[in-house]
> 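If you scroll down you'll find the structure; I have some questions about it.
Because only heavy atoms are used, hydrogens play no part in the values below, and waters and symmetry mates are left out as well, while side chains stay in.
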Amino acid sequence: MQKHPFPIQTTADCGAAVSRRSPLSVTWMRAHPPSSMASLLSIHVVTWNVASAAPPPDLSDLLQLNNLNLNLDVYVIGLQEMNCGIMSLLSDTAFEDPWSSFFMDVLSPLSFVKVSSVRMQGLLLLVFAKYQHLPFIQVLSTKSTPTGLFGCWGNKGGVNIFLKFYGYYVSIVNCHLPPHVANNDQRLEHFDRILEMQNFEAQDIPNILDHDLILWFGDMNFRIEDFGLHFVRESIKNQCYSDLWEKDQLSIAKRHDPLLREFQEGPLLFPPTYKFDKNSNNYDTSEKKRKPAWTDRILWRLKRQPQAAVHTPTLSAPHFTLFLRSYVSHMLYSVSDHKPVTSTFDLELKPLVSAPLITLRPESPRTTESDMLISYSLTADFLSSPWDWIGLCKVGLRHINDYVSYVWVRDNQVSFSDGLNQVYIDISDIRETEDQFLLFYYSNNLHSVVGISTPFKIQPRSFLAEGPLDEAQPQI
(Lines give C-alpha, C1' and ligand atoms only; values in the text may rest on other atoms or scores of the structure.)
Protein backbone atom coordinates (compact mmCIF):
# COMPACT_ATOMS: atom_id res chain seq x y z
CA MET A 1 0.00 0.00 0.00
CA GLN A 2 1.36 3.43 -0.95
CA LYS A 3 2.16 5.37 2.18
CA HIS A 4 -0.02 8.41 2.79
CA PRO A 5 1.92 11.68 2.40
CA PHE A 6 1.77 12.20 6.18
CA PRO A 7 2.49 9.72 9.00
CA ILE A 8 -1.01 9.65 10.42
CA GLN A 9 -1.99 7.45 13.32
CA THR A 10 -4.47 4.72 12.56
CA THR A 11 -5.92 1.86 14.54
CA ALA A 12 -6.13 -0.32 11.44
CA ASP A 13 -5.94 0.07 7.67
CA CYS A 14 -9.60 1.06 7.58
CA GLY A 15 -9.65 2.75 10.94
CA ALA A 16 -8.26 6.24 10.34
CA ALA A 17 -9.40 8.22 13.31
CA VAL A 18 -11.59 10.99 11.98
CA SER A 19 -10.85 13.59 14.61
CA ARG A 20 -11.28 17.35 14.59
CA ARG A 21 -7.58 17.75 15.15
CA SER A 22 -4.90 15.86 13.30
CA PRO A 23 -2.47 13.81 15.40
CA LEU A 24 0.17 15.07 12.97
CA SER A 25 -0.24 18.68 14.00
CA VAL A 26 0.26 17.77 17.67
CA THR A 27 3.48 15.94 16.77
CA TRP A 28 4.76 18.92 14.81
CA MET A 29 4.06 21.34 17.63
CA ARG A 30 5.95 19.17 20.14
CA ALA A 31 8.86 18.66 17.77
CA HIS A 32 9.13 22.39 17.01
CA PRO A 33 8.62 24.43 20.20
CA PRO A 34 8.14 28.15 19.49
CA SER A 35 11.32 30.17 19.52
CA SER A 36 11.61 32.73 22.30
CA MET A 37 12.33 35.40 19.65
CA ALA A 38 9.39 34.46 17.43
CA SER A 39 5.74 35.43 17.33
CA LEU A 40 3.01 32.82 16.99
CA LEU A 41 -0.02 33.77 14.90
CA SER A 42 -3.04 31.62 14.04
CA ILE A 43 -4.60 31.54 10.57
CA HIS A 44 -7.95 29.92 9.71
CA VAL A 45 -8.47 29.04 6.04
CA VAL A 46 -11.94 28.28 4.60
CA THR A 47 -12.80 26.92 1.15
CA TRP A 48 -16.39 26.25 0.08
CA ASN A 49 -18.19 25.80 -3.22
CA VAL A 50 -21.51 27.35 -2.19
CA ALA A 51 -23.42 26.38 -5.38
CA SER A 52 -25.15 29.79 -5.67
CA ALA A 53 -26.63 29.46 -2.16
CA ALA A 54 -27.17 32.33 0.26
CA PRO A 55 -25.30 32.26 3.58
CA PRO A 56 -26.92 30.00 6.18
CA PRO A 57 -27.98 31.70 9.43
CA ASP A 58 -25.14 30.33 11.57
CA LEU A 59 -21.51 29.80 10.53
CA SER A 60 -20.04 29.46 14.01
CA ASP A 61 -18.72 25.96 13.37
CA LEU A 62 -17.17 26.94 10.05
CA LEU A 63 -15.38 29.91 11.62
CA GLN A 64 -14.62 28.05 14.86
CA LEU A 65 -16.17 30.85 16.90
CA ASN A 66 -16.97 28.58 19.84
CA ASN A 67 -13.55 26.93 19.99
CA LEU A 68 -12.09 28.28 23.23
CA ASN A 69 -8.69 26.75 22.42
CA LEU A 70 -8.23 29.03 19.42
CA ASN A 71 -7.08 32.61 19.46
CA LEU A 72 -7.18 33.41 15.76
CA ASP A 73 -5.38 36.36 14.16
CA VAL A 74 -6.29 35.98 10.47
CA TYR A 75 -9.18 34.54 8.46
CA VAL A 76 -8.66 33.59 4.81
CA ILE A 77 -11.96 32.72 3.10
CA GLY A 78 -12.37 31.44 -0.46
CA LEU A 79 -15.75 30.74 -2.06
CA GLN A 80 -16.59 29.24 -5.43
CA GLU A 81 -19.81 29.28 -7.45
CA MET A 82 -21.30 32.31 -5.78
CA ASN A 83 -24.49 33.46 -7.46
CA CYS A 84 -23.22 35.27 -10.56
CA GLY A 85 -26.41 35.87 -12.52
CA ILE A 86 -26.65 39.25 -14.21
CA MET A 87 -28.99 40.76 -11.62
CA SER A 88 -26.92 39.38 -8.77
CA LEU A 89 -23.66 40.75 -10.21
CA LEU A 90 -25.25 44.17 -10.76
CA SER A 91 -26.49 44.20 -7.19
CA ASP A 92 -23.11 43.07 -5.82
CA THR A 93 -21.39 45.81 -7.83
CA ALA A 94 -23.59 48.51 -6.30
CA PHE A 95 -23.62 46.96 -2.82
CA GLU A 96 -21.60 44.45 -0.84
CA ASP A 97 -22.33 40.86 -1.85
CA PRO A 98 -24.33 38.86 0.76
CA TRP A 99 -21.46 36.56 1.72
CA SER A 100 -18.96 39.39 2.30
CA SER A 101 -21.55 41.29 4.32
CA PHE A 102 -22.31 38.20 6.38
CA PHE A 103 -18.66 37.54 7.22
CA MET A 104 -18.06 41.20 8.11
CA ASP A 105 -21.15 41.28 10.34
CA VAL A 106 -19.96 38.17 12.19
CA LEU A 107 -16.24 38.98 12.45
CA SER A 108 -16.17 42.75 13.02
CA PRO A 109 -17.51 42.53 16.62
CA LEU A 110 -14.56 40.20 17.29
CA SER A 111 -12.09 42.93 16.17
CA PHE A 112 -11.50 41.47 12.69
CA VAL A 113 -11.26 43.94 9.80
CA LYS A 114 -11.51 43.10 6.11
CA VAL A 115 -8.00 43.66 4.79
CA SER A 116 -8.61 42.88 1.12
CA SER A 117 -10.92 41.07 -1.28
CA VAL A 118 -11.05 40.10 -4.94
CA ARG A 119 -13.89 38.63 -6.97
CA MET A 120 -14.12 37.09 -10.45
CA GLN A 121 -17.68 36.02 -11.29
CA GLY A 122 -18.43 33.17 -8.86
CA LEU A 123 -14.99 33.22 -7.20
CA LEU A 124 -14.49 35.33 -4.07
CA LEU A 125 -11.43 35.67 -1.86
CA LEU A 126 -11.50 37.54 1.46
CA VAL A 127 -8.78 38.25 4.03
CA PHE A 128 -9.62 39.44 7.55
CA ALA A 129 -7.18 40.29 10.34
CA LYS A 130 -7.43 41.63 13.85
CA TYR A 131 -6.96 45.38 13.73
CA GLN A 132 -3.72 45.24 15.74
CA HIS A 133 -2.04 43.54 12.75
CA LEU A 134 -3.12 46.10 10.12
CA PRO A 135 0.06 48.26 10.25
CA PHE A 136 2.10 45.12 9.47
CA ILE A 137 0.04 43.93 6.49
CA GLN A 138 0.71 45.56 3.13
CA VAL A 139 -1.58 44.62 0.24
CA LEU A 140 0.76 44.42 -2.75
CA SER A 141 -1.65 43.31 -5.45
CA THR A 142 -4.86 41.49 -6.28
CA LYS A 143 -5.32 39.56 -9.48
CA SER A 144 -7.87 37.49 -11.42
CA THR A 145 -6.85 34.75 -13.84
CA PRO A 146 -9.73 33.38 -15.98
CA THR A 147 -9.24 29.92 -17.49
CA GLY A 148 -12.81 29.15 -18.57
CA LEU A 149 -14.22 29.15 -22.10
CA PHE A 150 -11.40 29.95 -24.58
CA GLY A 151 -9.23 30.88 -21.60
CA CYS A 152 -11.21 34.10 -21.13
CA TRP A 153 -14.32 33.24 -19.15
CA GLY A 154 -14.10 33.66 -15.39
CA ASN A 155 -16.33 30.76 -14.33
CA LYS A 156 -13.07 28.83 -13.88
CA GLY A 157 -9.66 30.09 -12.89
CA GLY A 158 -8.09 31.72 -9.86
CA VAL A 159 -8.19 34.91 -7.79
CA ASN A 160 -5.16 36.02 -5.83
CA ILE A 161 -4.18 38.39 -3.04
CA PHE A 162 -0.50 39.15 -2.48
CA LEU A 163 0.61 40.54 0.87
CA LYS A 164 3.63 41.51 2.88
CA PHE A 165 2.93 40.14 6.35
CA TYR A 166 5.34 41.39 8.98
CA GLY A 167 7.88 41.79 6.16
CA TYR A 168 7.35 38.35 4.57
CA TYR A 169 5.80 37.75 1.14
CA VAL A 170 2.56 35.76 1.27
CA SER A 171 0.51 34.69 -1.76
CA ILE A 172 -3.10 33.54 -1.38
CA VAL A 173 -4.85 31.76 -4.27
CA ASN A 174 -8.49 30.63 -4.46
CA CYS A 175 -9.22 28.54 -7.55
CA HIS A 176 -11.97 26.62 -9.35
CA LEU A 177 -10.60 24.03 -11.77
CA PRO A 178 -12.41 22.05 -14.52
CA PRO A 179 -14.74 19.21 -13.42
CA HIS A 180 -15.15 15.52 -14.39
CA VAL A 181 -12.83 12.58 -13.85
CA ALA A 182 -11.62 12.54 -17.50
CA ASN A 183 -10.38 16.15 -17.39
CA ASN A 184 -7.44 15.63 -15.05
CA ASP A 185 -4.84 16.80 -17.56
CA GLN A 186 -6.87 19.94 -18.15
CA ARG A 187 -7.04 20.56 -14.41
CA LEU A 188 -3.27 20.35 -14.13
CA GLU A 189 -2.86 22.67 -17.14
CA HIS A 190 -5.14 25.26 -15.49
CA PHE A 191 -3.19 24.93 -12.24
CA ASP A 192 0.04 25.63 -14.13
CA ARG A 193 -1.52 28.52 -16.05
CA ILE A 194 -2.71 30.23 -12.88
CA LEU A 195 0.75 29.79 -11.39
CA GLU A 196 2.50 31.14 -14.50
CA MET A 197 0.32 34.25 -14.58
CA GLN A 198 1.56 35.39 -11.17
CA ASN A 199 4.38 37.57 -12.45
CA PHE A 200 4.88 41.09 -11.11
CA GLU A 201 8.10 42.33 -12.68
CA ALA A 202 6.74 45.84 -13.21
CA GLN A 203 5.73 46.08 -9.54
CA ASP A 204 9.04 44.93 -8.07
CA ILE A 205 7.39 41.90 -6.43
CA PRO A 206 9.28 38.59 -6.44
CA ASN A 207 8.06 35.65 -8.49
CA ILE A 208 5.36 33.73 -6.65
CA LEU A 209 7.71 30.76 -6.20
CA ASP A 210 10.05 33.06 -4.27
CA HIS A 211 7.33 34.09 -1.82
CA ASP A 212 7.77 32.90 1.72
CA LEU A 213 4.34 31.26 1.82
CA ILE A 214 1.73 30.25 -0.75
CA LEU A 215 -1.74 29.27 0.44
CA TRP A 216 -3.55 27.61 -2.47
CA PHE A 217 -7.04 26.22 -2.07
CA GLY A 218 -10.45 25.91 -3.70
CA ASP A 219 -12.68 23.52 -5.61
CA MET A 220 -9.84 21.78 -7.40
CA ASN A 221 -12.21 19.12 -8.75
CA PHE A 222 -9.72 16.25 -8.50
CA ARG A 223 -11.55 12.90 -8.53
CA ILE A 224 -11.03 9.28 -7.50
CA GLU A 225 -9.92 7.09 -10.39
CA ASP A 226 -10.64 3.45 -11.25
CA PHE A 227 -12.85 2.43 -8.34
CA GLY A 228 -16.57 2.10 -8.96
CA LEU A 229 -19.34 3.98 -7.19
CA HIS A 230 -20.28 1.08 -4.88
CA PHE A 231 -16.68 0.50 -3.71
CA VAL A 232 -16.13 4.20 -3.03
CA ARG A 233 -19.35 4.56 -1.03
CA GLU A 234 -18.68 1.41 1.00
CA SER A 235 -15.17 2.64 1.77
CA ILE A 236 -16.58 5.95 2.98
CA LYS A 237 -19.26 4.21 5.02
CA ASN A 238 -16.58 2.13 6.76
CA GLN A 239 -14.21 5.10 7.08
CA CYS A 240 -11.71 3.10 5.07
CA TYR A 241 -10.01 5.93 3.19
CA SER A 242 -6.53 4.51 2.58
CA ASP A 243 -7.47 2.77 -0.70
CA LEU A 244 -9.22 5.93 -1.91
CA TRP A 245 -6.11 8.02 -1.21
CA GLU A 246 -4.23 5.80 -3.62
CA LYS A 247 -6.54 6.72 -6.50
CA ASP A 248 -7.01 10.39 -5.64
CA GLN A 249 -5.90 12.30 -8.74
CA LEU A 250 -4.14 15.07 -6.83
CA SER A 251 -2.14 12.55 -4.78
CA ILE A 252 -1.20 10.71 -8.00
CA ALA A 253 -0.15 13.95 -9.72
CA LYS A 254 2.07 14.92 -6.80
CA ARG A 255 3.99 11.65 -7.15
CA HIS A 256 5.00 12.59 -10.70
CA ASP A 257 5.24 16.40 -10.62
CA PRO A 258 8.19 17.77 -8.58
CA LEU A 259 6.76 21.29 -8.37
CA LEU A 260 3.31 20.12 -7.33
CA ARG A 261 4.97 17.91 -4.74
CA GLU A 262 6.32 21.03 -3.05
CA PHE A 263 2.73 21.93 -2.13
CA GLN A 264 1.88 20.23 1.15
CA GLU A 265 -1.51 19.07 2.38
CA GLY A 266 -2.83 17.69 5.63
CA PRO A 267 -4.09 14.10 5.88
CA LEU A 268 -7.53 13.44 4.37
CA LEU A 269 -9.18 12.07 7.50
CA PHE A 270 -12.62 13.35 6.55
CA PRO A 271 -15.14 11.95 4.04
CA PRO A 272 -15.04 13.17 0.43
CA THR A 273 -16.74 16.55 0.25
CA TYR A 274 -18.58 16.13 -3.09
CA LYS A 275 -21.24 15.43 -4.31
CA PHE A 276 -24.15 15.63 -1.84
CA ASP A 277 -27.87 16.10 -2.28
CA LYS A 278 -28.59 19.63 -1.17
CA ASN A 279 -30.06 20.01 2.32
CA SER A 280 -28.84 16.56 3.33
CA ASN A 281 -25.76 14.52 4.16
CA ASN A 282 -26.55 11.94 1.49
CA TYR A 283 -24.25 11.50 -1.47
CA ASP A 284 -25.78 12.13 -4.92
CA THR A 285 -29.01 10.17 -5.42
CA SER A 286 -29.87 11.76 -8.77
CA GLU A 287 -29.80 9.79 -12.03
CA LYS A 288 -26.16 10.81 -12.57
CA LYS A 289 -25.10 9.37 -9.18
CA ARG A 290 -21.74 11.10 -9.26
CA LYS A 291 -18.92 9.32 -7.50
CA PRO A 292 -17.82 11.03 -4.25
CA ALA A 293 -14.45 12.82 -4.34
CA TRP A 294 -12.22 15.12 -2.34
CA THR A 295 -12.70 18.05 -4.69
CA ASP A 296 -12.20 20.76 -2.05
CA ARG A 297 -8.59 21.07 -0.92
CA ILE A 298 -6.22 23.33 0.99
CA LEU A 299 -2.52 23.29 0.07
CA TRP A 300 0.46 25.33 1.17
CA ARG A 301 4.05 25.80 0.10
CA LEU A 302 6.96 27.31 2.00
CA LYS A 303 9.79 28.99 0.15
CA ARG A 304 12.71 26.76 -0.80
CA GLN A 305 15.92 27.70 0.97
CA PRO A 306 18.99 27.94 -1.32
CA GLN A 307 21.57 25.20 -0.91
CA ALA A 308 24.89 26.43 0.38
CA ALA A 309 28.03 25.50 -1.54
CA VAL A 310 30.61 23.22 0.06
CA HIS A 311 32.89 25.13 2.48
CA THR A 312 30.52 28.11 2.34
CA PRO A 313 28.90 29.00 5.68
CA THR A 314 25.11 29.11 5.47
CA LEU A 315 23.36 32.33 6.30
CA SER A 316 20.66 31.86 8.89
CA ALA A 317 17.30 32.18 7.17
CA PRO A 318 14.60 34.32 8.82
CA HIS A 319 12.44 32.26 11.12
CA PHE A 320 9.20 31.45 9.29
CA THR A 321 7.46 28.13 9.94
CA LEU A 322 3.92 26.88 9.44
CA PHE A 323 2.27 24.25 11.64
CA LEU A 324 -0.97 22.54 10.70
CA ARG A 325 -3.38 22.32 13.63
CA SER A 326 -6.45 20.92 11.88
CA TYR A 327 -7.74 19.93 8.44
CA VAL A 328 -11.43 19.05 8.52
CA SER A 329 -14.70 19.17 6.63
CA HIS A 330 -17.91 20.51 8.13
CA MET A 331 -20.81 18.14 7.58
CA LEU A 332 -23.14 20.47 9.46
CA TYR A 333 -23.74 22.63 6.36
CA SER A 334 -25.98 21.37 3.58
CA VAL A 335 -26.99 24.43 1.52
CA SER A 336 -24.59 23.27 -1.21
CA ASP A 337 -23.69 20.00 -2.91
CA HIS A 338 -20.19 20.52 -1.48
CA LYS A 339 -19.17 20.44 2.17
CA PRO A 340 -16.84 23.24 3.29
CA VAL A 341 -13.27 22.44 4.29
CA THR A 342 -11.11 24.37 6.76
CA SER A 343 -7.50 24.35 7.93
CA THR A 344 -6.14 26.07 10.99
CA PHE A 345 -2.45 26.92 11.01
CA ASP A 346 -0.03 28.31 13.54
CA LEU A 347 2.48 30.60 11.85
CA GLU A 348 5.68 31.02 13.83
CA LEU A 349 7.75 33.92 12.57
CA LYS A 350 10.42 36.34 13.61
CA PRO A 351 8.98 39.66 12.38
CA LEU A 352 11.12 41.48 9.84
CA VAL A 353 9.06 44.58 10.66
CA SER A 354 8.39 45.05 14.36
CA ALA A 355 7.38 48.72 14.57
CA PRO A 356 4.69 50.54 12.55
CA LEU A 357 5.72 53.21 10.06
CA ILE A 358 3.38 55.68 11.76
CA THR A 359 2.66 56.14 15.46
CA LEU A 360 -0.40 58.25 16.21
CA ARG A 361 -2.48 59.25 19.19
CA PRO A 362 -5.34 61.63 20.03
CA GLU A 363 -4.54 64.53 22.30
CA SER A 364 -6.64 65.49 25.36
CA PRO A 365 -9.19 66.82 25.91
CA ARG A 366 -11.27 64.69 23.56
CA THR A 367 -14.90 65.82 23.47
CA THR A 368 -17.51 65.90 20.71
CA GLU A 369 -17.55 69.71 20.84
CA SER A 370 -15.75 70.36 17.53
CA ASP A 371 -12.27 69.24 16.48
CA MET A 372 -9.84 66.73 17.92
CA LEU A 373 -6.10 67.21 17.78
CA ILE A 374 -4.09 64.24 16.51
CA SER A 375 -0.35 63.84 16.93
CA TYR A 376 1.60 61.41 14.77
CA SER A 377 5.23 60.62 14.08
CA LEU A 378 6.83 59.00 11.03
CA THR A 379 9.79 56.68 10.74
CA ALA A 380 12.75 58.06 8.81
CA ASP A 381 12.21 55.78 5.80
CA PHE A 382 8.48 56.45 5.35
CA LEU A 383 7.57 58.39 2.19
CA SER A 384 4.39 60.35 2.84
CA SER A 385 1.98 61.62 0.19
CA PRO A 386 -0.47 64.55 0.07
CA TRP A 387 -3.12 61.85 -0.53
CA ASP A 388 -2.44 60.08 2.76
CA TRP A 389 -5.32 60.34 5.20
CA ILE A 390 -6.20 59.65 8.80
CA GLY A 391 -9.48 57.95 9.60
CA LEU A 392 -11.46 57.89 12.83
CA CYS A 393 -13.55 54.76 13.33
CA LYS A 394 -15.31 52.84 16.05
CA VAL A 395 -13.78 49.68 17.43
CA GLY A 396 -15.60 46.94 15.53
CA LEU A 397 -15.13 48.49 12.08
CA ARG A 398 -15.88 46.18 9.15
CA HIS A 399 -13.25 47.61 6.76
CA ILE A 400 -11.14 50.76 6.56
CA ASN A 401 -13.82 52.69 4.70
CA ASP A 402 -16.02 52.23 7.75
CA TYR A 403 -14.84 55.54 9.25
CA VAL A 404 -16.94 58.18 10.99
CA SER A 405 -14.58 61.04 10.10
CA TYR A 406 -11.33 61.54 8.22
CA VAL A 407 -8.80 64.21 7.35
CA TRP A 408 -6.14 64.49 4.64
CA VAL A 409 -2.79 64.72 6.41
CA ARG A 410 -1.86 67.99 4.68
CA ASP A 411 -5.22 69.59 5.56
CA ASN A 412 -5.86 71.22 8.95
CA GLN A 413 -2.21 70.73 9.81
CA VAL A 414 -1.19 72.90 12.76
CA SER A 415 2.43 71.94 13.27
CA PHE A 416 5.11 69.64 11.98
CA SER A 417 8.74 68.87 12.65
CA ASP A 418 11.22 66.15 11.88
CA GLY A 419 9.72 63.93 14.53
CA LEU A 420 6.15 65.05 15.19
CA ASN A 421 3.14 66.22 13.18
CA GLN A 422 -0.20 67.48 14.39
CA VAL A 423 -3.52 67.81 12.57
CA TYR A 424 -7.12 68.53 13.50
CA ILE A 425 -9.98 66.18 12.62
CA ASP A 426 -13.63 67.20 12.73
CA ILE A 427 -15.69 65.20 15.26
CA SER A 428 -18.62 67.59 15.68
CA ASP A 429 -21.04 65.18 13.96
CA ILE A 430 -20.23 62.26 16.26
CA ARG A 431 -23.10 61.44 18.56
CA GLU A 432 -22.60 60.85 22.25
CA THR A 433 -21.65 57.21 22.76
CA GLU A 434 -19.85 54.88 25.13
CA ASP A 435 -18.17 53.20 22.16
CA GLN A 436 -14.41 53.15 21.83
CA PHE A 437 -12.64 54.64 18.81
CA LEU A 438 -9.47 54.08 16.80
CA LEU A 439 -7.35 56.32 14.61
CA PHE A 440 -5.58 54.84 11.60
CA TYR A 441 -3.18 56.28 9.01
CA TYR A 442 -3.68 55.15 5.40
CA SER A 443 -0.72 55.41 3.01
CA ASN A 444 -1.63 56.16 -0.61
CA ASN A 445 1.76 54.95 -1.83
CA LEU A 446 1.53 51.61 -0.02
CA HIS A 447 -2.25 51.23 -0.36
CA SER A 448 -2.38 50.01 3.22
CA VAL A 449 -2.86 51.06 6.82
CA VAL A 450 0.58 51.87 8.24
CA GLY A 451 -0.36 53.04 11.73
CA ILE A 452 -3.16 52.57 14.21
CA SER A 453 -3.82 54.01 17.67
CA THR A 454 -4.86 52.23 20.83
CA PRO A 455 -8.60 52.38 21.57
CA PHE A 456 -9.91 55.50 23.29
CA LYS A 457 -13.20 57.17 24.20
CA ILE A 458 -14.56 60.53 23.10
CA GLN A 459 -16.36 62.30 25.91
CA PRO A 460 -19.85 63.75 25.27
CA ARG A 461 -20.49 67.47 24.89
CA SER A 462 -21.94 67.53 28.38
CA PHE A 463 -18.59 66.51 29.86
CA LEU A 464 -18.14 69.73 31.81
CA ALA A 465 -16.56 70.65 35.10
CA GLU A 466 -18.76 71.98 37.84
CA GLY A 467 -17.96 75.41 39.30
CA PRO A 468 -18.14 76.44 42.96
CA LEU A 469 -21.87 77.22 42.62
CA ASP A 470 -22.57 73.85 40.98
CA GLU A 471 -22.83 75.65 37.66
CA ALA A 472 -21.52 73.88 34.60
CA GLN A 473 -18.18 75.30 33.42
CA PRO A 474 -16.19 74.32 30.31
CA GLN A 475 -13.53 71.69 31.01
CA ILE A 476 -10.08 73.11 30.32
Side-chain angles (χ1 to χ4, degrees), residues 18-22 42-85 88 91-92 95-115 117 119 122-131 174 176 217-219 266 269-284 294-298 325-345 394-399 402:
V18 185
S19 63
R20 294 198 61 81
R21 182 162 299 178
S22 164
S42 290
I43 302 172
H44 191 65
V45 180
V46 176
T47 180
W48 193 5
N49 182 320
V50 298
S52 298
D58 185 0
L59 289 176
S60 298
D61 184 67
L62 183 73
L63 301 174
Q64 294 291 280
L65 301 182
N66 299 323
N67 189 337
L68 301 180
N69 295 320
L70 283 182
N71 183 18
L72 294 171
D73 297 279
V74 177
Y75 279 95
V76 176
I77 301 171
L79 304 181
Q80 307 87 40
E81 286 195 23
M82 286 179 57
N83 189 345
C84 56
S88 177
S91 174
D92 295 348
F95 308 99
E96 203 80 53
D97 69 86
W99 282 93
S100 295
S101 293
F102 187 94
F103 286 121
M104 284 189 287
D105 289 343
V106 170
L107 295 175
S108 60
L110 304 176
S111 299
F112 286 93
V113 181
K114 188 181 80 169
V115 174
S117 66
R119 182 173 180 185
L123 279 166
L124 175 67
L125 178 57
L126 300 162
V127 176
F128 293 85
K130 284 188 174 174
Y131 68 79
N174 173 28
H176 193 185
F217 49 86
D219 180 0
L269 299 181
F270 49 87
T273 53
Y274 175 84
K275 170 180 171 69
F276 290 86
D277 292 337
K278 288 187 180 181
N279 302 311
S280 82
N281 286 331
N282 300 320
Y283 284 105
D284 187 14
W294 286 289
T295 57
D296 310 279
R297 314 290 278 266
I298 298 174
R325 293 190 64 175
S326 70
Y327 188 35
V328 297
S329 66
H330 298 261
M331 297 291 288
L332 178 65
Y333 302 104
S334 57
V335 296
S336 168
D337 54 356
H338 291 250
K339 300 299 181 183
V341 173
T342 64
S343 280
T344 305
F345 298 96
K394 291 182 179 181
V395 172
L397 71 158
R398 293 152 56 93
H399 48 72
D402 205 9

> Please find the pair of heavy atoms, one from Tyr327 and one from Val341, that lie closest to each other, and give the distance.
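Answer, listing the atom of Tyr327 first, then Val341: CE1-CG1, 3.5 Å.
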> Applying side-chain hydrogen bond (donor to acceptor under 3.5 Å, both in side chains), name anything that partners Ser336, two or more places apart in sequence or on another chain.
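side-chain hydrogen bond (donor to acceptor under 3.5 Å, both in side chains) check on Ser336 returns nothing, list empty.
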> State which residue, out of Asp296, Thr273, Asn281, fulfils the side-chain hydrogen bond (donor to acceptor under 3.5 Å, both in side chains) condition with Lys339.
Asn281
> Gln80 pairs by side-chain hydrogen bond (donor to acceptor under 3.5 Å, both in side chains) with which of Asp219, Asn174, Thr295?
Asn174
> Do you see a donor-acceptor pair shorter than 3.5 Å between the side chains of Lys275 and Asn49?
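Lys275 vs Asn49: no donor-acceptor pair found between side chains.
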> For Ser60, give me all partners under side-chain hydrogen bond (donor to acceptor under 3.5 Å, both in side chains), at least two apart in sequence or on another chain.
Asp58
> Taking it one step at a time, do Thr47 and Val45 satisfy side chain to side chain contact (heavy atoms under 4.5 Å, CB included)?
CA-CA 7 Å; Thr47 180; Val45 180; 5.9 Å; no
> Compare all side-chain heavy atoms of His44 with those of Arg325 and state whether any distance is below 4.5 angstrom.
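Of all side-chain heavy-atom pairs linking Arg325 with His44, none is under 4.5 Å.
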> Quick one: side-chain hydrogen bond (donor to acceptor under 3.5 Å, both in side chains) partners of Ser42, sequence neighbours excluded?
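If we apply the side-chain hydrogen bond (donor to acceptor under 3.5 Å, both in side chains) test to Ser42, skipping adjacent residues, the hits are Asp346.
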> Nearest heavy-atom pair of Val113 and Tyr131: which atoms, and what distance?
CG2-CB, 3.9 Å
> Which heavy atom in Leu72 sits nearest to a heavy atom in Leu63, and how many Å separate them?
CD1-O, 4.1 Å
> Taking the side chain as C-beta and beyond, is there a heavy-atom pair between Gln64 and Thr342 under 4.5 Å?
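A side-chain contact under 4.5 Å is absent here.
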> Between Ser108 and Leu397, which heavy-atom pair has the shortest distance, and what is it?
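The pair with the smallest heavy-atom distance is CB-O, 3.6 Å.
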> Classify the ring geometry of Tyr333 against Trp48: parallel below 30°, tilted from 30° to 60°, perpendicular beyond 60°.
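Tyr333 vs Trp48 ring planes: tilted.
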> Is any side-chain heavy atom of Val76 closer than 4.5 Å to a side-chain heavy atom of Leu125?
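Yes, side chains in contact.
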> Are Pro271 and Tyr283 side-chain neighbours, meaning at least one heavy-atom pair lies under 4.5 Å?
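Side-chain contact under 4.5 Å: yes.
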> Of all heavy-atom pairs between Trp99 and Leu59, which one has the smallest distance, and what is that distance?
CZ3-CD1, 4.1 Å
> Do Met104 and Phe128 have side chains that get closer than 4.5 Å, going by heavy atoms?
yes
> How far apart are the closest heavy atoms of Leu124 and Arg119, and which atoms are they?
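In terms of heavy atoms, the two residues are closest at CD1-CB, 4.0 Å.
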> Would a 4.5 Å heavy-atom cut-off, applied to side chains only, mark Trp294 and Ser329 as touching?
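A side-chain contact is absent here, since even the closest heavy-atom pair is not under 4.5 Å.
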